[in-house]
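Have a look at the structure below, then the notes.
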Number of protein chains: 2
Amino acid sequence: MPVSMSPALPTDAHIRAAHERIGPHVHRTPVLTCATLDRMAGATLVFKAEPLQKVGAFKARGAVNAVFSLSDEAAARGVATHSSGNHGQALAYAAARRGIPAHIVMPETAARPKLEAVRGYGGRVTLCPPGTRAREQALADVLAATGADMVHPYNDPRVIAGQGTCALELLEQAGPLDLVIAPVGGGGLISGTALACAATAPAPRVLGAEPANADDAARSLKAGCIVEDDAPDTIADGLRASLRDLTFAIIRAHVPAIFTVTEEQIVTAMRLIWQFMKLIVEPSAAVPLAAVLAHPEDFRGRRVGVILTGGNVDLDRLPWMPP
Amino acid sequence: MPVSMSPALPTDAHIRAAHERIGPHVHRTPVLTCATLDRMAGATLVFKAEPLQKVGAFKARGAVNAVFSLSDEAAARGVATHSSGNHGQALAYAAARRGIPAHIVMPETAARPKLEAVRGYGGRVTLCPPGTRAREQALADVLAATGADMVHPYNDPRVIAGQGTCALELLEQAGPLDLVIAPVGGGGLISGTALACAATAPAPRVLGAEPANADDAARSLKAGCIVEDDAPDTIADGLRASLRDLTFAIIRAHVPAIFTVTEEQIVTAMRLIWQFMKLIVEPSAAVPLAAVLAHPEDFRGRRVGVILTGGNVDLDRLPWMPP
């Protein structure tokens, strides 16, 4: 049974164990500050710079934790996932570090650089037609044929615990924070962040941020049940996924608010980070700063940890350039 | 006499004093590594990330050291310089931290964002016609009118000592290095770097890198006297200046080789840093990596410190984009 049907929620202890486990394989990324953005926000912002992480995104943390949690016997059969984004690269990277195969199911429509990036890390790509059904069938075929361990992009306690190591480091590096804000896609990062922060004393409040055009998490929190986005149209391509049972349960328990921001606010915040922090961030990574600037009353005078998630962009197509 | 005519060369002790002095006003920037660039170079590269420095460039170090070296009495009269680039912003920033005026002489032809950046830090801009003579006259007028202390962009022992703090930190952060490579414009950074490295045991060799289109430093080393560039045409706009007496003396004594690279090699290296390190660097900052990639035989198998100098670019005009 490679896929566990009802895994237990991860805990702070899992995050600490993950941090130990992944240490040799990921960067302890620096935290950065920026006087100009502090002035704009009226707050003290401490940015955790995950674009400087292996594979250019925090996703390396969860993938490495999942891969290095496997027994030697299970690991020998490899790992598998579906992803057209950073998780696919991260799992390929993690598997290569352990010397085992990674099978990545990707839609035929995926951008060529993303395919090449996965292959560049040694991942074995299985192409499938676009759409959830075709993707799940392709993944089921791969799992059946290989016996690989399925590593879901976010609804996996090993992945959530791995992503939680980012906030664990942030809290060590930044000292006490009033608030921590992270973007919400499928919810893996903010779930790990919330668990790490809840175990800290004093515990910072954890807030989410997502595109208004992919606001399933905010709507799910309000509705009290998982609401899915129907073909979300946002430049923040890392945040198009919907919550699943584990991430919804954790967010419901630990995240009091999720802000939504417009596409324009995302691009503005992305450019501000490039201009004033000299850090390349992808649109998804700019969503928390966009929320801070759009809702200054919620952040003014506070010490705020901001997780900058990743920096994988197409340098030939920047959103502020004419097409 | 605000301008000293024959100041003594700075020493390692000046660099250590500078490091202490500037600590409260500048960032201790992180060092970064990149597995992809290591593979490309066949070497272990440790990058000092000065784009993450105050004002986006190492120039903050020298300017802060100069400003905070002044007596209260001298400081009250302010500081002055000519600069159309990062030094102007850095001096304005440093003066603002001390609460004194900074007079920055800039050519009327300077790009609007550069003017605005200097003014944004509180600098008082004096515009002059383009050309060396008009600039020197304008600066002399400012000095006569204000009694301000002249802080040359590089031929000033306080500035050289300040720039040397960058290598001092790099050596602390990276551990033993075989080589350190830095770009050469007027020579302030590499002079400070060479002094800091020469005082370390074992001392890494310090190498320079400059655009072939602005190769005055390489030619000066060969000629044994200062050779000036005549209107150098390079995208690396931070490296168009020529050596002066202090920097030439230090480079001659401590820098065995200066590599030159083509414009194309500079743009390629700049893009590699953006793509794989997720750090925004200006063209000048990419010159050392360009040299490492162009001369692999000189770096293969070595531990190489690479100083990434700054990240101030116009995000609307990237060199790999059509105009």
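Every chain is numbered from 1 and lettered A, B, ... according to where its sequence line falls, protein lines coming before strand lines. Side-chain atoms are counted along with the backbone in the values below, which use heavy atoms only and exclude waters and symmetry mates.
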Point to revise | Separation between OG1 of A/T33 and CG of B/L52, rounded to the nearest 0.5 Å | key: 10.0 Å

Practice item. Applying side chain to side chain contact (heavy atoms under 4.5 Å, CB included), run through B/V313 and A/Q275 and close with a yes or a no. Key: CA-CA 8 Å; B/V313 291; A/Q275 184 175 356; over 6 Å; no

Practice item. I would like to know whether A/L315 and B/L318 meet side chain to side chain contact (heavy atoms under 4.5 Å, CB included); could you show each step before the answer? Key: CA-CA 9 Å; A/L315 292 175; B/L318 302 179; over 6 Å; no

Check your understanding: Side chain of B/K278, backbone of A/G311: donor and acceptor closer than 3.5 Å?
Key -> yes

Study note, to complete from the structure: Applying a strict 4.5 Å limit to non-hydrogen atoms, the region of A/T36 in contact with chain B is neither

Practice item. Measure distances from A/M277 to the heavy atoms of chain B and classify the residue's part below 4.5 Å as side chain, backbone, both or neither. Key: backbone

Point to revise | Student check: side-chain heavy atoms of A/L279 and B/I280 closer than 4.5 Å | key: no

Review point. By a 4.5 Å heavy-atom criterion (distance strictly below it), what part of A/L32 contacts chain B: side chain, backbone, both, or neither?
Key: side chain

Check your understanding: Given that the side chain runs from C-beta out, which part of A/P30 has a heavy atom under 4.5 Å from chain B: side chain, backbone, both or neither?
Key -> side chain

Check your understanding: Any chance CD of A/E264 has more than 12 other-residue heavy atoms, nucleotides or ligands included, within less than 6.0 Å?
Key -> no

